[in-house]
Amino acid sequence: MKKVLLFILFSMVMTGLKAQSKMRKLSIIITILMLTLSGLAQTSERILGGELSNSAATSVEDIDEVMPRMKALGLNTVLVPAYWELMEPTEGDYDFTLIDRTIQQARDLQLKVVFLWFGAWKNSMSCYAPLWFKLDTKRFPRARTQQGKPLEIASPFSENVFQADNRAFEALVKHISETGSDVVSMIQVENEIGMLEDARDHSRLADDVYKKGVPRELISYLKKNLKTLHPWLKERFNAEGKSWTEAFGDDIYTDEIFMAYYYAKYVGRLCETARKYTQMPLYVNAAMNSRGRQPGQYPSAGPLAHLIDLWHCGAPQLLCLAPDIYDTGFKGWADKYALPNNRLFIPESRCCENSGARALYVFGEHDALGFSPFAIDQASPKETESVTQAYALLKQIVNCKSLNHKFSWGLLFDQEDKERIIADDGMVITCRHYYTLPWDPRATDGSTWPEGGAVLMKLAKNEYLLAGTGVVVAFASEYEKTHEQQQVLGEDGFVAAGIPSDIKHQPSNIFNGSRKGIASVDEVSIDQQGQMKYLRRMNGDQDHQGRHVRIACDEWKILHVTLYDYK
């Protein structure tokens with residue numbers, strides 16, 4: 001695990017080094033070495049997390065009430081806001097009461113904490129900046145639309161804005177490093193950065209920077225990494241351009257590119273400040289550019305997938321760009337951020353009855369660093385139950401000494417996306433939603449299907465582990481699959497309805513290959529030493545007389561499957 005994370009960190013940073021000065025290169029390399037020695041240990045455990053709602057940690061009483069509940073839900077990590085307005089109500093005077101209480105509660109409950117810095121920006125807006133900051137717009141200027149309208153968004157082009165934010169962030173990081181390094185595993189820098197109402201800031205400060213053209217540092221970085229640039233950016237980039245429009249085109253997406261680079265530079269400077277005190281991993285989260293919206297309709301220039309190269313150039317210290325997924329198409333959004341140079345971490349996802357299935361998918365398919373439903377403290381028991389069940393399975397899986405992580409797949413199905421075919425070692429594995437079984441009445445009663453999700457792992461040849469809910473998995477040889485007859489079978493395994501046929505008819509094609517059979521399906525648990533414990537044999541009706549392996553939608557199980565070959 002540590003080797004994988006180190007490789008990802010090293011790849012990200014070495015990419016960023018190409019455009020840096022010699023002294024900066026040395027500084028970043030030292031950072032990487034220190035991460036190897038200390039910071040990696042804090043992220044070696046997968047984050048089975050939950051993020052608190054925005055106002056859940058604004059008093060000691062709130063923290064005392066909510067943290068034990070998070071422990072009871074089965075989380076190992078709680079994502080907790082750190083509020084600038086409450087930490088520095090008077091300029092220069094810091095109050096760490098809420099931070100300290102969170103750390104103490106986490107320590108007592110044996111939980112980890114990821115602090116979310118609600119500093120200059122939260123969901124684009126500067127709503128968590130202290131009142132003394134908000135009132136002094138001359139000293140701390142706002143971003144403006146193209147029409148000159150001031151926004152409740154501090155301008156990242158103001159050095160005064162940065163210095164005020166940076167001083168508070170520095171105080172927070174220094175305090176955490178001194179009092180909570182055993183508990184705090186990561187820090188999120190700002191929250192869902194991005195411009196709204198316009199694709200970029202049009203304040204005087206921003207326009208002055210825009211007129212200077214594309215910085216040499218950025219042009220050099222993009223040239224040197226041309227082969228690996230995100231396809232969207234690569235298609236737009238003109239390496240000979242000097243102005244922003246010459247280099248990237250004349251539209252609002254160029255405004256977004258400009259803004260993304262300078263947001264990233266701002267965050268990169270905050271990261272450098274943090275590195276004076278800790279090698280703790282740092283990340284940024286992104287509000288999605290979904291539903292056909294254009295920059296400014298969504299938070300423009302945030303740490304989005306198509307802007308990843310700009311963020312890597314401006315803030316190479318970041319562990320990852322992390323998507324906040326609330327829209328439909330969960331798998332597609334996760335896939336966009338599970339990149340060779342970006343470890344997948346989902347710090348926010350809609351907390352719902354499908355959250356557990358989605359968690360299983362991202363850990364199985366992408367070996368995700370973590371998953372975290374948002375506002376889990378406000379969710380109903382029906383919504384949190386799936387999270388508790390999925391995390392209980394995942395805690396067992398990571399203990400299993402037999403696992404070969406090179407061969408792991410994530411399954412996630414709904415009413416529209418019902419099937420996945422996996423080819424593995426001369427075998428075809430057909431995975432489907434549980435409600436594709438013809439005899440389950442819930443499949444056709446008109447209700448919306450719950451999502452089915454699972455982790456499928458190969459332990460050895462003809463040996464697999466399936467952990468999850470709401471899935472059906474069948475195994476066949478390649479030869480068998482190409483010669484299978486499509487028949488609808490009832491629960492008894494017989495043809496669902498008789499079809500008149502000539503009993504004297506003989507098939508023209510003789511079956512002349514091997515088949516896969518199910519040797520055994522055992523429900524198991526896995527103890528803390530990584531040993532499987534047999535619970536029961538699932539045969540007969542429970543595996544459809546050897547035809548498939550299944551876990552019902554209302555069940556959460558780990559199944560140990562062994563296969564055999566026969567002719």
Side-chain angles (χ1 to χ4, degrees), residues 45-87 96-119 122-123 125 127-128 172 176 180 183-188 190-192 283 285 287 322-327 330 345-360 362 368-395 556:
E45 183 179 16
R46 287 176 176 84
I47 295 172
L48 307 179
E51 181 171 329
L52 300 183
S53 54
N54 290 167
S55 302
T58 55
S59 72
V60 167
E61 291 75 17
D62 287 343
I63 295 166
D64 289 348
E65 186 278 330
V66 75
M67 293 295 282
R69 284 200 290 120
M70 298 303 98
K71 178 69 174 181
L73 288 178
L75 313 185
N76 66 17
T77 305
V78 187
L79 281 66
V80 183
Y83 314 97
W84 186 9
E85 65 173 344
L86 298 181
M87 197 185 83
F96 297 110
T97 300
L98 301 179
I99 302 299
D100 291 340
R101 193 65 164 209
T102 300
I103 289 172
Q104 189 57 55
Q105 277 283 355
R107 188 177 286 126
D108 292 345
L109 295 165
Q110 295 185 306
L111 291 167
K112 294 291 185 181
V113 171
V114 174
F115 275 118
L116 319 175
W117 176 233
F118 284 9
K122 193 274 176 188
N123 292 46
M125 311 298 284
C127 53
Y128 279 95
L172 173 67
I176 289 172
V183 167
V184 184
S185 60
M186 291 204 298
I187 297 175
Q188 177 183 289
E190 309 291 348
N191 187 88
E192 291 189 355
Y283 76 96
N285 64 328
D324 293 346
I325 306 178
Y326 292 90
D327 284 282
F330 178 89
F345 172 46
I346 302 175
E348 293 185 35
S349 181
R350 185 182 303 282
C351 192
C352 63
E353 294 175 41
N354 296 318
S355 292
R358 295 171 183 179
L360 290 163
V362 296
L369 175 61
F371 178 84
S372 172
F374 174 68
I376 194 169
D377 57 298
Q378 295 181 339
S380 68
K382 194 172 183 181
E383 292 169 326
T384 59
E385 181 185 3
S386 75
V387 177
T388 300
Q389 296 278 15
Y391 285 1
L393 296 184
L394 287 164
K395 287 175 182 177
W556 298 80

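Values below: all heavy atoms of this structure, side chains included; hydrogens, waters and symmetry mates excluded.
For N123, the side-chain hydrogen bond (donor to acceptor under 3.5 Å, both in side chains) partners at least two apart in sequence or on another chain are N191, E192. Residues that satisfy the side-chain hydrogen bond (donor to acceptor under 3.5 Å, both in side chains) test with E353, not counting sequence neighbours, are absent from this structure. Here T58 pairs with S55, D62, Y83, L86 under the side chain to side chain contact (heavy atoms under 4.5 Å, CB included) rule; sequence neighbours left out. Under the salt bridge (Lys or Arg N to Asp or Glu O under 4.0 Å) criterion, D327 pairs with R291, sequence neighbours left out. Considering only residues two or more places apart in sequence or on other chains, E383 meets the side-chain hydrogen bond (donor to acceptor under 3.5 Å, both in side chains) condition with S380. Every residue two or more places apart in sequence or in another chain that forms a side chain to side chain contact (heavy atoms under 4.5 Å, CB included) with E385 is listed here: Q389. Applying the salt bridge (Lys or Arg N to Asp or Glu O under 4.0 Å) rule to D64 yields the partners R101; only residues at least two apart in sequence or on another chain are considered. For F371, the ring pair (Phe, Tyr, Trp, His ring centres under 6.0 Å) test picks out no residue, with sequence neighbours left out. For F374, there are no ring pair (Phe, Tyr, Trp, His ring centres under 6.0 Å) partners, not counting sequence neighbours.
The two residues P347 and P323 come nearest to each other via the heavy atoms CD-O, 3.5 Å. The nearest pair of heavy atoms linking K112 to S185 is CB-OG, 4.2 Å. Shown here for A57 and L98, the closest heavy-atom pair between the two residues is O-CD1, 3.5 Å. Heavy-atom minimum distance, S355 versus C351: OG-CA, 3.5 Å. What you find for S53 and Q378 is that their closest heavy atoms are OG-NE2, 3.4 Å. Contact detail for V183 and L111: the closest heavy-atom pair is CG1-O, 3.8 Å.
In terms of modelled atom types and a separation under 3.5 Å, the side chain of Q188 and the main chain of E190 share a donor-acceptor contact. No donor-acceptor distance shorter than 3.5 angstrom exists from the side chain of D377 to the backbone of L52, with no hydrogens or angles considered. Between the side chain of N354 and the backbone N or O of S386, no donor-acceptor pair lies under 3.5 Å. Between the side chain of T388 and the backbone N or O of L73, at least one donor-acceptor pair lies under 3.5 Å. Side-chain N or O atoms of Y391 include one that pairs as donor or acceptor with a backbone N or O of G49 at under 3.5 Å. Judged by distance alone, the side chain of S372 and the main-chain N or O of V78 form no donor-acceptor pair under 3.5 Å.
Ring-plane geometry between Y128 and F118 is classed as tilted, the angle between the planes lying from 30 to 60 degrees on a 0 to 90 degree scale.
Interatomic distance, SG of C352 versus OH of Y326, reported as 11.0 Å (0.5 Å rounding). Between atom CG of residue L109 and atom CE of residue M70 there is a gap of 11.0 Å, rounded to the nearest 0.5 Å. A distance of 6.0 Å separates CG in L360 from CG in L393, rounded to the nearest 0.5 Å. Summarising the geometry, atom CG belonging to L75 is positioned 9.0 Å from atom CE belonging to M67; distances are rounded to the nearest 0.5 Å. The distance from atom CG of L172 to atom CD1 of I99, rounded to the nearest 0.5 Å, is 5.5 Å. Interatomic distance, L79 CG to I47 CD1, rounded to the nearest 0.5 Å: 7.0 Å.
Side-chain N/O atoms of D108 and Q104 include a donor and acceptor closer than 3.5 Å. Checking K122 against N54 by side-chain atom types alone, a donor-acceptor pair falls below 3.5 Å.
Legend: ring-ring contact (aromatic ring centres under 6.0 Å, His included) pairs involving residues 96-116, not counting sequence neighbours, sorted by first then second residue: F96-H175. Here salt bridge (charged side-chain N to carboxylate O under 4.0 Å, His left out) pairs that include residues 69-82, with residues two or more places apart or in two chains, are E65-R69.
With a 4.5 Å cut-off on side-chain heavy atoms, V114 and Y283 count as touching. Taking 4.5 Å as the limit, some side-chain heavy atom of L116 sits within range of a side-chain heavy atom of E51. Using a 4.5 Å cut-off on side-chain heavy atoms (C-beta onward), T384 and I376 make contact. Side-chain contact check for E45 versus N76: some heavy-atom pair is nearer than 4.5 Å. Residues M186 and L369 are in side-chain contact: their nearest non-hydrogen atoms beyond the backbone lie under 4.5 Å apart.
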